[in-house]
Novice: 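Below is one structure. I have some questions about it.
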Amino acid sequence: MASEAARLLEAADSQPGSTSNSGGRTPRGPRTSTTPSGVARILSREAGVTDIAVLQAALLHDTVEDTDTTFSEIEEQFGGEVRRIVEEVTDDKMLPKMERKRLQIERAPHSSRGARLVKLADKLYNLRDLNRSTPAGWSEQRVQEYFPLGLTGGEGSA
């Protein structure tokens with residue numbers, strides 16, 4: 001079996017390309033490949049997470065939404081635990097945005113610990129990203145309204 005570091009690096013190498021294929025967006029615009037590594041960094045450095053499956057899932061959390069990768073492929077390469085976490089945090093892009101956000105809120109209390117960690121770190125990364133650089137055309141009021149919504153998974157959240 002590969003070392004934990006090697007398994008983690010394999011997940012990092014499997015991230016989507018430099019921008020989302022599906023038009024995924026952060027508050028500033030198209031989601032970039034820095035989002036998954038930023039989420040993993042928050043978990044590792046700030047939350048002290050050392051669970052390799054959770055860190056792999058953080059690196060892969062947008063992969064199904066943003067590429068043609070399937071959950072089965074994630075399981076084949078990274079195992080069932082990583083697949084389950086990624087599956088829990090992946091939105092069905094076929095649903096309208098408000099329905100996806102409603103389901104996020106409804107499912108959150110029932111999610112696994114790993115999925116909650118990845119989802120919260122993703123929200124935190126997106127809020128920090130917004131704070132670093134306000135999107136063109138956003139008023140200060142819109143920015144301020146985004147923050148509480150981002151924390152709850154409401155309309156403004158990514």
Side-chain angles (χ1 to χ4, degrees), residues 1-22 24-28 30-95 97 99-132 146-154 156-158:
M1 178 171 214
S3 73
E4 288 187 345
R7 290 178 20 225
L8 190 58
L9 291 171
E10 190 175 333
D13 287 342
S14 296
Q15 291 183 61
S18 62
T19 60
S20 164
N21 295 335
S22 68
R25 298 186 70 76
T26 63
R28 287 192 297 154
R31 183 178 301 275
T32 64
S33 63
T34 60
T35 302
S37 60
V39 171
R41 190 176 303 104
I42 287 169
L43 290 172
S44 175
R45 290 186 183 165
E46 297 178 40
V49 172
T50 58
D51 183 323
I52 294 298
V54 172
L55 296 173
Q56 284 177 308
L59 289 167
L60 298 167
H61 77 274
D62 285 333
T63 302
V64 173
E65 290 178 10
D66 293 351
T67 72
D68 293 332
T69 303
T70 66
F71 293 119
S72 294
E73 291 170 327
I74 288 175
E75 184 170 3
E76 287 170 21
Q77 192 165 359
F78 302 102
E81 184 179 3
V82 174
R83 177 207 172 124
R84 284 186 292 278
I85 295 170
V86 171
E87 203 163 16
E88 284 184 80
V89 300
T90 298
D91 288 337
D92 180 353
K93 294 291 189 161
M94 301 299 288
L95 296 174
K97 181 179 180 178
E99 177 65 7
R100 291 193 312 264
K101 300 309 173 187
R102 185 191 68 75
L103 288 171
Q104 284 180 9
I105 294 167
E106 181 179 295
R107 293 175 180 161
H110 312 289
S111 297
S112 68
R113 178 181 181 275
R116 287 192 310 264
L117 287 169
V118 170
K119 191 56 112 172
L120 287 171
D122 187 35
K123 297 291 184 194
L124 180 57
Y125 181 89
N126 290 337
L127 291 169
R128 287 178 176 170
D129 193 42
L130 176 60
N131 195 45
R132 278 190 294 269
Y146 182 93
F147 275 76
L149 291 172
L151 292 172
T152 64
S157 66

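All values below were derived from every heavy atom in this structure, side-chain atoms included, with hydrogens, water molecules and symmetry-related copies excluded.
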Novice: For Lys101 and Leu95, run side-chain contact (heavy atoms from CB on, under 4.5 Å): C-alpha distance rounded to whole Å, both residues' side-chain angles, the deciding distance at 0.1 Å, then the answer.
Specialist: CA-CA 10 Å; Lys101 300 309 173 187; Leu95 296 174; over 6 Å; no
Novice: Look up atom CZ in Arg102 and atom NZ in Lys97, then write down how far apart they are to the nearest 0.5 Å.
Specialist: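 Interatomic distance, Arg102 CZ to Lys97 NZ, rounded to 0.5 Å: 16.0 Å.
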Novice: Any sub-3.5 Å donor-acceptor pair from Glu65's side-chain atoms to Asp91's backbone N or O?
Specialist: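 Yes: the side chain of Glu65 pairs with the backbone of Asp91.
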Novice: Can you give me the closest heavy-atom contact between Lys93 and Arg100, atom names plus distance?
Specialist: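 Looking at all heavy atoms of both residues, the closest pair is O-NH1, 3.9 Å.
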Novice: Taking C-beta and beyond as the side chain, do Val49 and Leu55 meet within less than 4.5 Å on heavy atoms?
Specialist: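 Sidechains of Leu55 and Val49: in contact.
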Novice: Within the 4.5 Å heavy-atom criterion, are Asp62 and Val39 side-chain neighbours or not?
Specialist: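 SC-SC contact between Asp62 and Val39 ruled out.
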Novice: Measure the spacing between OH of Tyr125 and CZ of Arg132 and express it to the nearest 0.5 Å.
Specialist: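 The distance works out to 5.0 Å.
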Novice: Compare all side-chain heavy atoms of Ile42 with those of Arg128 and state whether any distance is below 4.5 angstrom.
Specialist: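 Yes, close enough: below the 4.5 Å cut-off.
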Novice: In Å and rounded to the nearest 0.5 Å, what is the CD to CD distance from Glu99 to Gln104?
Specialist: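 If we round to the nearest 0.5 Å, Glu99:CD and Gln104:CD are 11.0 Å apart.
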Novice: Would you sort out whether Leu130 and Asn126 count as a side-chain contact (heavy atoms from CB on, under 4.5 Å), showing the intermediate values?
Specialist: CA-CA 6 Å; Leu130 176 60; Asn126 290 337; over 6 Å; no
Novice: Hey, is Glu88 close enough to Arg84 for a salt bridge, meaning N to O under 4.0 Å?
Specialist: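 Result for this pair is no, no salt bridge flagged.
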Novice: Work out which heavy atom in Val86 is nearest to a heavy atom in Leu60; give both atom names and the distance.
Specialist: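 Looks like CG1-O, 3.9 Å.
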Novice: About how many Å separate CD of Glu81 and CD of Glu75, when rounded to the nearest 0.5 Å?
Specialist: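 So the CD of Glu75 and the CD of Glu81 are separated by 11.5 Å.
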Novice: I need the minimum non-hydrogen distance between Leu43 and Leu117, along with the two atoms involved.
Specialist: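 Residues Leu43 and Leu117, closest heavy atoms: CD2-O, 3.5 Å.
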Novice: Check whether Arg83 reaches the backbone of Ile74 with its side chain - one donor and one acceptor, N or O, closer than 3.5 Å.
Specialist: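 No, because the side chain of Arg83 does not come within donor-acceptor range (under 3.5 Å) of the backbone of Ile74.
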Novice: State, to 0.1 Å, how close Ile85 and Ala57 come at their nearest heavy-atom pair, and which atoms those are.
Specialist: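 Reported closest heavy-atom pair: CG2-CB, 3.3 Å.
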Novice: Does a donor on one side chain and an acceptor on the other come within less than 3.5 Å for Thr70 and Ser72?
Specialist: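 The criterion, which ignores hydrogens and geometry beyond distance, is not satisfied for Ser72 and Thr70.
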Novice: For the side chain of His61 and the backbone of Ala58, is there at least one donor-acceptor N/O pair under 3.5 Å apart?
Specialist: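 Looks like yes, one N/O pair under 3.5 Å.
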Novice: Shortest non-hydrogen contact from Pro109 to Glu106?
Specialist: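 Minimum heavy-atom separation between Pro109 and Glu106: CD-O, 3.5 Å.
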Novice: How close do Phe78 and Gln56 get, heavy atom to heavy atom, and via which atoms?
Specialist: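 Heavy atoms of Phe78 and Gln56 come nearest at CD2-NE2, 3.4 Å.
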